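Each ligand, and each atom within it, is numbered from 1 in the order the structure gives. Values in this document were obtained by computation on a predicted structure and should not be read as measured data.
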Amino acid sequence: MIPVPVAAERNIKNAAERTNKMETLFCVIDENDPRKSAKIFEKAAEIIKKGGLVAFPTETVYGLGANALDKTAVKKIYEAKGRPSDNPLIVHISSLPELKGAAAEISPKAEKLIDAFWPGPLTIIFKKKDIIPAETSGGLDTVAVRFPENVAARRFIRACGLPIAAPSANTSGKPSPTSAQHVLNDLNGKIDMIIDGGNTKFGLESTIVSAVGDEITLLRPGSVTVDMLCEIVGEIKIDKTILTKPDENLRPLAPGMKYKHYSPLCNITIVKGERETVLKNMAELAEKAKANGEKTGIIATAEDRAFFENTDITLLDLGYESSPETIGAGLFKVLRTCDDMHLSSAFIKAFPERGVGLAIMNRLKKAAGYNIIEVR
Ligand code: AMP
Ligand code: MG
């Protein structure tokens with residue numbers, strides 16, 4: 001059962017005075033009870049307008065929101081997450097006209113992407129307007145904007161009547177949160193409120209493109225795939241660090257992509273090669289780790305599960321190979337489960353870097369600290 005501390009404001013103050021830690025309101029959206037939901041959004045808006053922090057569901061992952069125009073509020077996001085201050089936040093809007101409040105220039109190609117993918121899991125970077133503080137843009141002269149499709153996200157932003165700066169609602173470096181419980185595990189006592197809208201649909205953070213100038217450049221792959229983008233705007237550039245490990249000489253264009261990311265405490269090893277060989281090697285590697293006294297596991301798709309069923313190695317399920325979207329949706333959850341089960345190591349096979357597979361492998365490589373074994 002999820003704990004539901006529904007505290008009155010007086011209690012929040014009392015708790016803060018006693019323990020120097022705030023009480024986090026946890027509110028569940030009930031689609032069958034619109035009056036209750038309206039009250040939740042009202043309360044959330046009140047918190048945001050006072051400079052507080054509210055975690056909310058989106059179709060990608062949960063976001064940790066603050067008033068994007070209030071630098072003091074935005075600083076609290078960095079504190080709660082332990083996020084480096086040069087890592088800019090995405091500004092979320094709830095209708096198209098709001099874009100003009102943040103973006104100074106909108107290129108013709110950006111217009112086309114907006115027409116095709118908004119609302120949805122695509123973040124676009126524009127030259128910023130002065131009203132967006134440096135704290136929100138990580139000191140850059142550009143701003144990342146997203147118009148989410150998730151109804152609860154839009155109702156929350158609309159109730160606030162403000163642009164909402166929101167990174168993923170996890171402790172920096174940990175796998176992103178795909179449920180309100182993940183947010184609670186990471187940020188309980190550090191933020192004012194969590195809105196529970198169930199599991200997120202895509203489970204991978206938004207695709208990020210820069211639309212500054214005439215070109216479109218992919219900075220972070222996501223559920224809006226390269227093919228989908230090319231279909232709308234023709235050729236696009238791809239930041240090289242998406243495909244290779246970033247280092248001193250190769251810095252990602254999205255500052256956040258250079259940090260250790262998506263990492264469970266558990267050591268993840270990716271095994272790459274032809275299917276049968278990979279599965280055989282995964283089983284052997286796990287047996288060896290177990291013989292060395294490690295608590296180990298294998299992360300397997302439904303199609304591969306049977307291969308390991310006659311071993312006594314812990315099996316963790318990850319979606320269906322026939323539907324890569326289910327792998328994307330379950331990836332962060334399974335990485336968190338590795339830690340919940342106190343596994344010290346886990347093995348997973350490499351997926352094809354096509355379509356949403358590019359985003360899955362981008363996250364997985366970072367989660368594994370680029371620990372990839374190629375087998376023949
Ligand atoms: P998160 O929401 O936690 O996934 O983080 C937002 C991501 O967007 C990070 O990787 C940031 O570096 C990236 N980002 C936000 N604003 C900009 C910007 N103006 N230019 C480039 N990347 C950005
Ligand atoms: Mg993040």
Engineer: Who gets closest to atom 20 (N) of ligand 1 by heavy atom: T217, N170, I77, I125?
Structural biologist: I125

Engineer: Check if R83 has a non-hydrogen atom at a distance under 4.0 Å from any atom of ligand 1.
Structural biologist: yes

Engineer: Salt-bridge test for E303 and R275: reply yes if a basic N is under 4.0 Å from a carboxylate O, no otherwise.
Structural biologist: no

Engineer: Looking at L96, I want to see if its CG is surrounded by more than 12 non-hydrogen atoms of other residues, nucleotides or ligands under 6.0 Å.
Structural biologist: yes

Engineer: If we check side chain to side chain donor-acceptor pair (under 3.5 Å) with T58, which of these qualifies: R146, H92, K201?
Structural biologist: R146

Engineer: Give the atom numbers and elements of ligand 1 that come within less than 4.0 Å of a heavy atom of I208.
Structural biologist: 7 (C), 8 (O), 13 (C)

Engineer: Judging by distance only, is a nitrogen or oxygen of S137 under 3.5 angstrom from one on ligand 1?
Structural biologist: no

Engineer: For ligand 1 and E205, I'd like to know whether there is a polar contact (N/O to N/O, distance under 3.5 Å).
Structural biologist: no

Engineer: Is atom OH of Y320 surrounded by more than 12 heavy atoms (other residues, nucleotides or ligands) closer than 6.0 Å?
Structural biologist: no

Engineer: What do we get for L140 next to ligand 1 when only non-hydrogen atoms under 4.0 Å count, side chain, backbone, both or neither?
Structural biologist: side chain

Engineer: What part of K128, side chain from CB on, backbone N/CA/C/O, both or neither, has a heavy atom under 4.0 Å from ligand 1?
Structural biologist: neither

Engineer: State the atoms of ligand 1, each with its element, that fall below the 4.0 Å cut-off from a heavy-atom position in T142.
Structural biologist: 18 (C), 19 (N), 20 (N)

Engineer: Counting only nitrogen or oxygen atoms and a 3.5 angstrom limit, does K81 reach ligand 1?
Structural biologist: no

Engineer: Against heavy atoms of S168, which atoms of ligand 1 measure under 4.0 Å?
Structural biologist: 1 (P), 2 (O), 3 (O)

Engineer: Hey, is there an N, O or S on S168 sitting under 2.8 Å from the Mg ion (ligand 2)?
Structural biologist: yes

Engineer: Which ligand 1 atoms does L253 reach within 4.0 Å, using its non-hydrogen atoms?
Structural biologist: 21 (C)

Engineer: If we count only N and O atoms by modelled type, under 3.5 Å, do the side chains of S345 and T296 hold a donor and an acceptor together?
Structural biologist: yes

Engineer: Check this for me, if you would: do K50 and E46 make a salt bridge, where the nitrogen-to-carboxylate-oxygen distance has to be below 4.0 angstrom?
Structural biologist: yes

Engineer: At a non-hydrogen distance cut-off of under 4.0 Å, which region of T123 contacts ligand 1 (side chain, backbone, both, or neither)?
Structural biologist: neither

Engineer: When you check the gap from the basic side-chain N to the acidic O, do D70 and K76 get nearer than 4.0 Å?
Structural biologist: no

Engineer: Taking atom NZ as the centre, does K112 end up with more than 12 heavy-atom neighbours from other residues, nucleotides or ligands that are less than 6.0 angstrom away?
Structural biologist: no

Engineer: Take atom NZ of K129 as the centre, draw a 6.0 Å sphere, and report whether it contains more than 12 heavy atoms from other residues, nucleotides or ligands.
Structural biologist: yes

